[in-house]
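Each remark here refers to the structure printed beneath this line.
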Protein chains: 2
Amino acid sequence: MARPLSIDEDELLSRLASVFRDLGYEGASLAALSEGAGLQKASLYHRFPGGKQQMADEVLAAAIGWFGENVLAPLKQGGEPKTRIAAAARRLDDFYSGGRKACLLNMLSSPRSADGPFSPAIRSSFEALIDAFSRVAREAGHAPKAARRRAERAVMLMQGSLVLSRGLGSGEPFRAFLSALPDDLLGEAA
Amino acid sequence: MARPLSIDEDELLSRLASVFRDLGYEGASLAALSEGAGLQKASLYHRFPGGKQQMADEVLAAAIGWFGENVLAPLKQGGEPKTRIAAAARRLDDFYSGGRKACLLNMLSSPRSADGPFSPAIRSSFEALIDAFSRVAREAGHAPKAARRRAERAVMLMQGSLVLSRGLGSGEPFRAFLSALPDDLLGEAA
DNA sequence: GTCTATAACAGGATAGAC
DNA sequence: GTCTATCCTGTTATAGAC
């Protein structure tokens, strides 16, 4: 779907993503990004003339792309709702490393008004996930309104479980979210 | 309970808290804190010789104190579980300004290992809230294990609704959390 | 494309007058 | 207790050799 990225480019963005996830945008200094990427600062500027902002932009775009292909797409494809959700849960477990990794959408949100440069991408990402969850719930027999409610709650539980896992220093809340996800989306209609 | 704070001190910590909530620890520059507090940088250093770290420490301690007195205490006092939860929900709505304010526990979490200076306070705060929620659910007739599960889910939903509200730029997810809280904690046992 | 070195700047922290 | 002015460190960003 996206432009063909070299394997090294993927690896580079993945390493930078790890730094942004751990430290946030402001907290991610060029020194930290340089160390995390295994490249000197000047090398990073050669690859990202737009500086830290561009690095975060590309990191976010790559994460959204991966998420769309690996989580959203399976949710939309045919098959049993239960099976599709199980597949998505496995990918989510991978994406967040069992709850050890924070969510970029959380770490890049700047609450100081809606002026953050990432706000549009973040908002549309949340809406896409809610939409995909909602679709599955509807196909399982839930009314549109109820399906939407379940989808929103599932997204809240996902984000909240990541926050709580970080705060408690344990992956248990995230694992609990994953195992409860089918029931949260489908309920008795499973 | 805590040491007697002058009214100005409370107001000062409240303003600083707003800056930390919006920008996170790293993002909160001394310039931003100074502007938010309405004090010059040097004045802040007179009050907080320990610098930004001390400001964040005291802000977090004050928030935890307020939370304990206004949210946790009502949950523990006697009365109908439903009534106590409704009271806590009103205080939460106040505390987070209807979902417009982020949670300090989220904004001050540094995922880079558990070495963050706020980690112990954050962890014990989460555990205290889970404990208070769990107690109410148990008193309403739920078994200890089920009560704990409901409490953890409620905390996840709270944190997740705040993240989602911020991401979507709307207080709706947080309001949905608040109105669903009694049912989430008590369920059919209400 | 990646490195060493450095310039330009912002951020955290202090001194000292009032 | 608060201000103006300043220091010093760390950060962003760039130049130029290889």
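Here is the naming used below: chain letters follow the sequence lines, and residue numbers restart at 1 for every chain. Only a predicted model underlies this, so the values are computations on that prediction, with no experimental measurement involved.
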Who passes side chain to side chain contact (heavy atoms under 4.5 Å, CB included) against [X], sequence neighbours left out?
X	value
B:Phe118	B:Tyr25, B:Gln53, B:Ala56, B:Asp57, B:Leu60, B:Leu108, B:Ile122
B:Ser170	B:Glu172, B:Pro173
A:Ser124	none

Within this structure, what is the [atom1]-to-[atom2] distance between [X] and [N], rounded to whole angstrom?
X	N	atom1	atom2	answer
A:Phe48	C:dT2	CZ	C1'	14 Å
A:Leu39	C:dT2	CG	C1'	8 Å
A:Leu23	D:dT12	CG	C1'	16 Å
A:Glu35	C:dC3	CD	P	14 Å
B:His46	D:dT2	NE2	C1'	9 Å
B:Asp8	D:dT2	CG	P	8 Å
B:Leu44	D:dT2	CG	P	9 Å
A:Gln40	C:dT6	CD	C1'	14 Å

Sort and list the pairs that fulfil ring pair (Phe, Tyr, Trp, His ring centres under 6.0 Å) and have at least one residue in residues 68-93 of chain B, not counting sequence neighbours.
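Ring pair (Phe, Tyr, Trp, His ring centres under 6.0 Å) check on residues 68-93 of chain B returns no pairs.
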
Anything under 3.5 Å between a donor and an acceptor, one on a side chain of residues 91-102 of chain A, the other on a protein residue two or more places apart or in another chain? List them.
residue, atom, partner, partner atom, Å
A:Arg91, NH1, A:Asn70, OD1, 2.4
A:Asp93, OD1, A:Gly98, N, 3.4
A:Arg100, NH2, A:Ser97, O, 3.4

For A:Glu127, is the CD atom crowded, meaning more than 12 foreign heavy atoms sit under 6.0 Å from it?
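Counting neighbours around CD of A:Glu127, more than 12 heavy atoms of other residues, nucleotides or ligands fall under 6.0 Å, so yes.
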
Do side-chain atoms of A:Ser109 reach the backbone of A:Leu105 as a donor and acceptor pair under 3.5 angstrom?
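Yes; judged by distance alone, with no hydrogens or angles, the pair exists.
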
How sharply is the helix from C:dG1-D:dC18 to C:dC18-D:dG1 bent, taking the axes over five pairs at either end and rounding to 10 degrees?
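Answer rounded to 10°: the end axes differ by 0°.
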
Strictly under 3.5 Å: I want the nitrogen or oxygen pairs between protein and nucleotides 16-18 of chain D, one per line.
none

Output all residues satisfying side chain to side chain donor-acceptor pair (under 3.5 Å) with [X], sequence neighbours left out; order by chain, then residue number.
X	answer
B:Arg153	A:Asp184
A:Glu139	A:Arg84
A:Gln54	A:Glu58

Taking distance alone, no hydrogens or angles, what donor-acceptor pairs closer than 3.5 Å link side-chain atoms of residues 13-20 of chain A to residues at least two apart or in another chain?
residue, atom, partner, partner atom, Å
A:Arg15, NE, A:Glu11, OE2, 2.8
A:Arg15, NH1, A:Ala37, O, 3.2
A:Arg15, NH2, A:Glu11, OE2, 3.4

Check nucleotides 9-11 of chain C against the protein and report each pair of N or O atoms closer than 3.5 Å, with its distance, or say if there are none.
none

Quick check on C:dT14: is either OP1 or OP2 less than 4.0 Å from any side-chain nitrogen or oxygen of B:Tyr45?
no

Does A:Ser43 put a side-chain nitrogen or oxygen below 4.0 Å from OP1 or OP2 of C:dC3?
yes

